[in-house]
Amino acid sequence: MLKKLRKRSEFLAVAATGVRWVSPAFILQIGEPPSAPHPVRYGLTATRKIGNAVTRNRAKRRLRALAVEIMPHALPRDYVLVARASTPTYPFDSIRQDLRKALKRMKVERVMSRADSASGSSGLALDAPNPPAIPE
RNA sequence: UCAGACGGUCGGGUGAUCGCCUGUUCCUGCUUUUUUGGGAAUGGGAGGAAAGUCCGGGCUUCAGGGGAAAAGGGUGCCGGAUAACGUCCGGUUGAGGCGACUCAAAGGAAAGUGCCACAGAAAACAAACUACCGGCCUUACAGCCGGAAAAGGUGAAAAGGUGCGGUAAGAGCGCACCGCGUCUUUGGUAACAAAGACGGCAGGGAAAACCCCACCCGAAGCAAGACCGAAUAGGAGCCGCAUAGCGCAUCCCAAGCCCACGGGCGCAAGAGGCGCGGCGCUUUCCCCGCGCGCGGCUCGGGUAGGUUGCUCGAGGCGUUCGGCAACGAACGUCCCAGAUGAAUGAUCGCCCGUCGGGUCAGACCCCGACGACAGAACCCGGCUUAUAGACCGUCUGACUUU
RNA sequence: UGGGGGAUCGUCUAGCGGUAGGACAACAGACUCUGACUCUGUUUACCGUGGUUCGAAUCCACGUCCCCCAG
């Protein structure tokens, strides 16, 4: 179950932890592990620095499409994806691989069950047996 | 064929897989109800500028109403269109272009005040540096007196222009033409135009300097406002207390006075009324009008959050009629975005267009890259700014051919 | 989204329509054995495009960028 961050205070709380992963097309910020259990929540940020309203919307749409596909496989925490200047033009496959790698490196990837791998028809190879197979 | 002018339309198309927001209808889970979860069917889902926020209007709130009021702001040739406008249409005048056509904040400078640096004799009251002419004086130059304002030079700008006459020299001093002003007539709703007569020239620029004249404008904005509502401070009702004055009369009345002992007059305090006054009432002033202090109890209050305002509208399309047109009228028909960390997407195939390469050129084919400006946020009418490219229509000029 | 304000040397600021001034900084020189202080001199600017005007930093229109308020 995916939920969205909706308040400025929630975004600030995630950024205040300082835990983040930088990639050419996005920055992933990760919040503290929740005291009370809640589903995975994510937020999107696109500042005025990366372009006008059309560019910002396009960046957020690509990141949203990515989050809907990948984020259910993360541990239940708060995540913020920050768009960068190359987000609207970067190849989608590369962004997808970068995000998977980020989750793996930051150790917030959830260990997959059989049902997840069976439903992962989109080629989501996040099984435990092949951790070094990081696509470059 | 080339070069242009004006107006209009579009601004990628199509399919597959996985998704997003939302209207309507139906089924269903939870729940006392409201709320809310899930599913199915079906409909819709960015723009010509959605942008800048430069104007105008709707809508909402500020108790309210009136004052051709004041301050402040805006507009500015004329007529029309419109809910309204600084917009649009038609015309006038001026400027630009061979032309189609385009552009113009285009009222008033004899209502008044102020400004016009430097240069120049002089920058608007007029006046006269050099030079010109006459007279006096002198051999002559110089000097003095007078005439005149054509010439020189300065400047962005110097008191109509050209020609002829005239004169000592000159000058609208006189005349002709042009310009300008006044008046009359004609045409036009008007701006204005044309013609005629008269005047001898009235008088510089600038009003995007102050200003005058005519007309228009209340302020704030959907984060307006309304509803549900943790918190906190103020509010309303009732009760009690207190009146911040002044004046007037009335009621009541333990001081006091009078008495025929029934009562009467009546100070202070109290009660409410009227008038004057004070403060506040969304820029100020005036008029009407409305409200007014402290404690307790009750009602309530409205921040976080949520719901609503929120999409049917000066609406789109078509036909006919009126109008040169902007536009208006009638009839028919359609429902066509409503998000809120903010939906309309991600990936791929084919087509279309442009560019590059395979190939010196053309055709065909193949490969690769690219796809203008740009994202609704309450809603409309405009303006302004950005914009790859494609298409259509009308018109102008030049050249060639017939 | 709505409302408001601003732009002048490298920085901070003055500026009646008529030569854009000052302070700090920089550079050079003087003073000193050297440096600092002080003194003298030099360099450097009107956000952009149009318009009004003889003439615009100033007045007007449009645009660009920045800042503030409401949250």
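What you see is a predicted model; the values in this text were computed from it and never measured. In what follows, chains are A, B, ... by sequence order, proteins preceding strands, each numbered from 1.
Across all strands shown, the partner of B:rC211 is B:rG108, judged by Watson-Crick or G-U wobble contacts whose two distances both fall under 3.5 Å. As the counterpart of B:rG86, no nucleotide is assigned, since no Watson-Crick or G-U wobble pattern has both distances under 3.5 Å. Applying the Watson-Crick and G-U wobble criteria (two distances, each under 3.5 Å), B:rG166 pairs with nothing in any strand. Summarising the base pairing, B:rG277 is matched to no nucleotide, lacking a Watson-Crick or G-U wobble pair whose two defining distances lie under 3.5 Å. Nucleotide B:rA40: paired with B:rU25 (Watson-Crick or G-U wobble, both distances less than 3.5 Å). Figure legend. B:rG187 is base-paired to B:rC192; pairs are counted as Watson-Crick or G-U wobble with both atom distances under 3.5 Å. Judged by Watson-Crick or G-U wobble contacts below 3.5 Å, the nucleotide B:rA5 has B:rU394 as its partner. Across the strands present, B:rA249 finds no partner; the criterion is a Watson-Crick or G-U wobble pair with both atom distances under 3.5 angstrom.
Rounded to whole Å, the P atom of B:rC173 lies 28 Å from the corresponding atom of B:rU184. Between the P atoms of B:rU42 and B:rU385, the separation comes to 49 Å (whole Å). Comparing the same atom, P, in B:rG341 and in B:rG306 gives a spacing of 9 Å after rounding to whole Å. For B:rA81 and B:rG97, the C1' atoms lie 32 Å apart once the distance is rounded to whole Å. As rounded to the nearest Å, B:rG357 and B:rC350 have P atoms that lie 24 Å from one another. Look at the P atom in both C:rG6 and B:rG371: the space between them is 42 Å, to the nearest Å. Nucleotides B:rA220 and B:rU284 place their P atoms 14 Å apart, quoted to the nearest Å. The C1' atoms of B:rA40 and B:rG375 are separated by 33 Å, rounded to the nearest whole Å.
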Symbol by symbol from the 5' end, with Watson-Crick or G-U pairs under 3.5 Å, [ ] crossing and | another strand, RNA chain C is (((((((..((((....[..)))).(((((.......)))))....(((((..]....)))))))))))).
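Here the straight-line distance linking atom OG of A:S23 with atom CD of A:Q97 works out to 10.5 Å at 0.5 Å rounding. How far CZ of A:R64 is from CG of A:L81: 11.0 Å, rounded to the nearest 0.5 Å. Summarising the geometry, atom CH2 belonging to A:W21 is positioned 10.0 Å from atom CG belonging to A:L28; distances are rounded to the nearest 0.5 Å. In this structure, A:Q29 CD and A:M106 CE are separated by 10.5 Å, a value rounded to the nearest 0.5 Å. The distance from atom CD1 of A:I70 to atom CZ of A:R100, rounded to the nearest 0.5 Å, is 5.0 Å.
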Output one letter per nucleotide in nucleotides 343-349 of chain B: B when a protein non-hydrogen atom lies under 4.0 Å from the base, S when only the sugar-phosphate is that close, - when neither is. SSSSS--
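Classification of B:rU311 as syn follows from a glycosidic angle within 90° of 0. Base orientation for B:rG273: anti, the chi torsion being more than 90° from 0. Regarding the sugar-base torsion, B:rA304 falls in the anti class, its angle being beyond 90° of 0. B:rG48 has its base syn relative to the sugar, with a glycosidic angle deviating from 0 by at most 90°. Syn is the glycosidic conformation of B:rC336, whose angle stays within 90° of 0.
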List every contact pair, protein side and nucleotides 367-373 of chain B side both N or O, where the distance is under 3.5 Å.
none

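Contacts of A:V22 classified as side chain to side chain contact (heavy atoms under 4.5 Å, CB included), with partners at least two apart in sequence or in another chain: A:I27, A:R84. Applying the side chain to side chain contact (heavy atoms under 4.5 Å, CB included) rule to A:A46 yields the partners A:I50, A:R56, A:K60, A:A83; only residues at least two apart in sequence or on another chain are considered. Applying the side chain to side chain donor-acceptor pair (under 3.5 Å) rule to A:T45 yields no partners; only residues at least two apart in sequence or on another chain are considered.
Among the atoms of the strands shown, base atoms are found under 4.0 Å from some heavy atom of A:T45.
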Run A:L99 and A:M71 through side chain to side chain contact (heavy atoms under 4.5 Å, CB included) and show every step you take. CA-CA 9 Å; A:L99 181 58; A:M71 294 315 286; 4.3 Å; yes
Applying side chain to side chain contact (heavy atoms under 4.5 Å, CB included) to A:R41 and A:Y79, what does each step give before you reach the verdict? CA-CA 6 Å; A:R41 301 196 300 178; A:Y79 301 90; over 6 Å; no
Would A:L63 and A:Y42 count as a side chain to side chain contact (heavy atoms under 4.5 Å, CB included) if you check the C-alpha gap in whole Å, the side-chain angles of each, and the deciding distance to 0.1 Å? CA-CA 11 Å; A:L63 291 180; A:Y42 75 97; over 6 Å; no
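Each of A:G43 and A:T55 has a nearest nucleotide on RNA chain B; the 5'-most of these lies closest to A:G43.
Closest of all the heavy-atom pairs between A:T87 and A:I95 is O-CD1, 4.2 Å.
Pairs passing the salt bridge (charged side-chain N to carboxylate O under 4.0 Å, His left out) check and including a residue from residues 17-28 of chain A, sequence neighbours excluded, do not occur.
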